[in-house]
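Below, each value reflects all heavy atoms present in this structure, side chains not excepted, and no hydrogens, waters or symmetry copies. Only a predicted model underlies this, so the values are computations on that prediction, with no experimental measurement involved. Per chain, numbering begins at 1; letters A, B, ... match sequence-line order.
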Amino acid sequence: MSQVTTQQREQALEDAAFWFAALQGDQVSVNERKAWQQWLADSSLHREAWAQVEQIDRQFRQLPAQESFQALQGAGRSRRQFLYGLAGLAVALPFAWTQRHTLEASLTPGTRHETAVGERRQLALKDGSQLWLNTNTLINIDQQAPTPELYLMRGELYWEAANHAQPLRLHSDYGQVDATASAFGMRLQDDSALLAMSEGQAQVLLTQLPTQVSVKRQQTLHFNQANSVLNQGVSANAQAWRDGFLVADNMRLEDFIRDLDRYHPQGWLKCSAAIANLRLVGHYPLADTRKVLNTLAFTLPIQVREITPWFTLIEENKNISHS
Amino acid sequence: MQSVSDRHFADFYRQHHSWLQRFLARHLSCQHTAEDLTQDSFTRLITRQENLSLIDSPRAYLTTIAKGLLINHWRRQDIERSYLESLQTQPEAEYPSAQDQYEVLQALYQVDQMLQDLSSKARQAFLMSRLQGVRYQDIAVELEVSERMVKKYIAQAMLKCLQAQQADAS
């Protein structure tokens, strides 16, 4: 008998994995089943590989499904990073992201503050300035520096200086913000940052550019490492969250759901394409995202379907006639 | 191991132990964990069987090992924390025993390792299918890929598990 080579063994494992994926599919044809049985009958190597597949499958079946799913997603912060990826904004490894932020935080000066998904927090600094942290946010505050310095690593904050002379430096991946006499909101998105200046002014130094961009009262700067766009006006949502509201002013449903998802502690929300362009107006309380969805389902031709406890799809309600 | 390299190692250990432990302690809230990871770093060094005298920059080398262990530690901590969080949403009467919790966590660490090198979508597809029983069709919608791609992801993930099992056995 010929010796079984490593290559043959590897090929058998690859085949077994393929057959496993095929047989777990939604519809398995009789022919597919026959072909699989034929493959099993072909060689003892195949049967050994299949036995290993079954062993791994058993291993997964023995895990408590819901807790394991949540834990392996990294829950909380890491899960959110991952889910944003699913929303099509960026694709990143969940853990790589969390660990990058954690590593960064531990290597950054100052005290670390972190909020969970759905949590908001208000902090007072030594000089009397106020700081609000929105959902799923990670910052370091360094009060040892001559003027206070903030490091925003994830999420969103709102800053109100105690007095008109107080300068503040805010660091982020995309650039450094030097603000004076200020009240402003800053939000990190997947590949950019949004600075909304309510009061005062700021100089922004992008990470990869030597020149500063100046942002005045009631202006919004959208920027990443190398580019920036300055707009007039500040969205109500730059600070409405401090009072626990999401404001929709003729907002697309898809954008609204994407925003609401940031506050949704249980898994993620997704809006199906058919209803993405419905428009919304109103103030929606962030404390209970489930309730907001139920309200929407009451007023719009949509339905809320929990595909799994961790994945909620907002889709067209086909039971409502549009006559 | 030969006595020469034993002696080399003892010197090396004495020379680098305390700063490495300080380095790790700075990143960890628990002194015991810092001690454990310091020991683990040296253990890694031994198992790699490098010739210690040939390492140009021992500090950089040890720091790299220690950082890897630190990240691994945080990753496990993340899993542990979210597992315990998810238990809190259950009625107390249904809590698993401490022993069961321990065993589930060990299993989760292992699964996490097995799926480590997969793309995030493949990992997600596999977890949805295996742990939540979501149909390929629904996974495809969620991940914005074709059903064929979902099947491919599941096969990739299963192969990773098989290969990990194989590596453990040999």
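- Around CZ of A:Arg47, the count of heavy atoms belonging to other residues, nucleotides or ligands within 6.0 Å exceeds 12.
- Chosen from B:Lys151, B:Arg135, B:Arg130, the residue pairing most often with chain A at heavy-atom distances under 4.5 Å is B:Arg130.
- Residue A:Ser68 is tested with B:Leu105, B:Ile79, B:Leu108 for a side chain to side chain contact (heavy atoms under 4.5 Å, CB included); the sole match is B:Leu108.
- Of the residues considered (B:Gln163, B:Met128, B:Lys152), B:Met128 shows the highest number of contacts with chain A, using heavy-atom pairs under 4.5 Å.
- For the atom pair B:Cys161 SG and A:Leu13 CG, the distance stands at 11.5 Å (nearest 0.5 Å).
- Considering every non-hydrogen atom in both B:Tyr136 and A:Asp26, the closest pair reads N-OD1, 3.0 Å.
- Taking each heavy atom of A:Ala49 and B:Leu162 in turn, the nearest pair found is O-CD2, 4.3 Å.
- With a 4.5 angstrom heavy-atom cutoff, A:Gln59 touches chain B only via side-chain atoms.
- Side-chain contact of B:Gln166 with A:Glu10: a donor-acceptor pair under 3.5 Å is absent, judged by distance alone.
- In this structure, B:Gln106 places its CD atom where more than 12 heavy-atom neighbours from other residues, nucleotides or ligands lie under 6.0 Å away.
- Contact of the A:Leu72 side chain with the B:Leu131 side chain is registered, since non-hydrogen atoms from C-beta on lie closer than 4.5 Å.
- A:Gln24 has its side chain out of reach of B:Met158: every pair of non-hydrogen atoms, C-beta onward, lies at least 4.5 Å apart.
- When the shell of 6.0 Å around CD of A:Gln7 is examined, it contains 12 or fewer heavy atoms from other residues, nucleotides or ligands.
- Atom CG of B:Leu159 is separated from atom CZ of A:Phe20 by 12.5 Å, given to the nearest 0.5 angstrom.
- Using a 4.5 Å cut-off between heavy atoms, B:Phe126 touches chain A through its side chain atoms alone.
- Contact of B:Glu103 with chain A is not made at all, since no heavy-atom distance falls under 4.5 Å.
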Give the intermediate values and the outcome of side-chain contact (heavy atoms from CB on, under 4.5 Å) for residues A:Ile56 and B:Gln165. CA-CA 9 Å; A:Ile56 286 165; B:Gln165 203 179 40; 3.7 Å; yes

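- In terms of heavy-atom proximity, A:Ala21 sits nearest to B:Ala155 at CB-N, 3.6 Å.
- With rounding to the nearest 0.5 Å, the separation of CD in B:Glu147 from CD in A:Gln27 is 7.5 Å.
- At a 4.5 Å heavy-atom cutoff, B:Glu80 makes no contact with chain A through either its backbone or its side chain.
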